[in-house]
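This structure is a prediction, so every number in the text was calculated from the model and none was measured.
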Amino acid sequence: MEDKNAGGGVDNTFRRKFDPEEYLERAREREKQEAEGRGKSKSKGPPVQRKPLKHRDYEVDLDSRLGKTQVVTPIAPLSQQAGYYCSVCECVVKDSANYLDHINGKKHQRALGMSMRVERASLQQVQERFEKLKKRREPGSFTEQDLDERILKQQEEEEERKRQRRERKKEKKVSITRILL
């Protein structure tokens, strides 16, 4: 058997040499793949037509959990975890402000099949809307006199509450002094 170092020196020719043709070929292949990738992502099919935004036809219930305490377990299903659960997106949002942001946001609206664009209203639609709002306002319309009456009534109610509070404090003092004596 021959000795590896028989030549007397160490073989250090393992270092790679720069080959311009090889790297140029690699760059061309990478550009070709990226161009194919870009073309595929944009041409997945016909563009999806989404409906424009519309008014919510339901009331968002944020007050039902106000002031409540909830036990959180790590094995609970998403719908029973702490926070507000969105069944459309299947996610849990931790507080009411973020829940409102979520249901008004792009991801949720897309999941409902709506784009974030608003349908342009015609002049006739705007006029009809104004008429509807005028009719709604007329029965409950009030004058300055009505406003003054409401303010007076509210002040009287406030004074009555203060008076009752003072009476309760007096009763409490009296009952405490009776207990001590």
Side-chain angles (χ1 to χ4, degrees), residues 1-138 140-141:
M1 231 161 92
E2 274 186 27
D3 189 17
K4 288 183 183 179
N5 295 333
V10 178
D11 183 22
N12 62 358
T13 59
F14 62 88
R15 203 171 119 197
R16 295 181 66 185
K17 307 284 190 276
F18 181 73
D19 184 15
E21 288 88 30
E22 179 186 348
Y23 286 102
L24 189 60
E25 185 61 33
R26 283 187 189 177
R28 287 182 184 143
E29 283 182 33
R30 188 176 57 244
E31 286 175 357
K32 186 177 176 183
Q33 287 176 351
E34 286 176 359
E36 288 174 5
R38 272 188 253 128
K40 286 181 182 178
S41 65
K42 288 185 179 177
S43 62
K44 287 184 178 178
V48 178
Q49 285 291 331
R50 298 183 192 280
K51 296 179 282 182
L53 281 176
K54 62 177 183 175
H55 288 282
R56 230 186 320 273
D57 56 352
Y58 59 91
E59 190 71 27
V60 178
D61 182 29
L62 299 175
D63 297 333
S64 66
R65 295 185 183 186
L66 191 63
K68 302 245 172 111
T69 312
Q70 186 175 4
V71 177
V72 180
T73 59
I75 58 173
L78 277 177
S79 61
Q80 294 175 356
Q81 286 184 3
Y84 293 88
Y85 177 68
C86 175
S87 58
V88 176
C89 302
E90 296 180 354
C91 67
V92 176
V93 186
K94 297 298 179 190
D95 59 29
S96 59
N98 285 334
Y99 180 68
L100 274 177
D101 287 344
H102 169 75
I103 63 175
N104 292 329
K106 189 174 185 178
K107 179 183 174 189
H108 184 80
Q109 296 300 329
R110 284 248 170 117
L112 290 175
M114 286 187 256
S115 69
M116 294 303 286
R117 301 191 193 287
V118 180
E119 190 175 18
R120 194 153 168 93
S122 67
L123 176 63
Q124 185 179 2
Q125 289 173 324
V126 173
Q127 289 171 340
E128 289 172 1
R129 182 77 173 166
F130 276 134
E131 288 301 318
K132 188 190 296 184
L133 292 173
K134 281 181 187 176
K135 288 177 184 175
R136 188 188 311 169
R137 190 182 70 179
E138 284 175 8
S141 64

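Ala111 and Cys89 get closest at one heavy-atom pair: CB-SG, 4.2 Å. Across Val126 and Ala121, no two heavy atoms sit closer than the pair CG2-CB, 4.1 Å.
Residues Tyr84 and Ile103 form no side-chain contact, since every pair of their non-hydrogen atoms from C-beta on lies 4.5 Å or further apart. Looking at Glu90 and Tyr85, their side chains come closer than 4.5 Å, going by heavy atoms from C-beta outward.
Atom CZ of Arg26 is separated from atom CZ of Arg30 by 9.5 Å, given to the nearest 0.5 angstrom. To the nearest 0.5 angstrom, Glu36 atom CD is 11.0 Å from Glu34 atom CD. With values rounded to the nearest 0.5 angstrom, His102 atom NE2 is found 6.5 Å from Lys107 atom NZ. Here the straight-line distance linking atom NE2 of His108 with atom CG of Asn104 works out to 8.5 Å at 0.5 Å rounding. To the nearest 0.5 Å, atoms CD (Gln109) and CE (Met114) are separated by 4.5 Å.
Remark: Arg117 CZ is loosely packed, at most 12 non-hydrogen atoms of other residues, nucleotides or ligands lying under 6.0 Å away. Dense packing is recorded around CD of Glu22, with more than 12 heavy atoms of other residues, nucleotides or ligands lying under 6.0 Å away. The environment of Tyr23 atom OH is dense: over 12 non-hydrogen atoms of other residues, nucleotides or ligands sit within 6.0 angstrom. Under a cut-off of 6.0 angstrom, the local environment of CD in Glu128 is crowded, with over 12 non-hydrogen atoms contributed by other residues, nucleotides or ligands.
Between Lys135 and Glu131 no salt bridge is recorded (no basic side-chain N to carboxylate O distance below 4.0 Å).
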Given the rule in the side chain to side chain contact (heavy atoms under 4.5 Å, CB included) test, do Arg136 and Leu133 qualify, once you have shown the distances and angles that lead to the verdict?
CA-CA 5 Å; Arg136 188 188 311 169; Leu133 292 173; 4.0 Å; yes
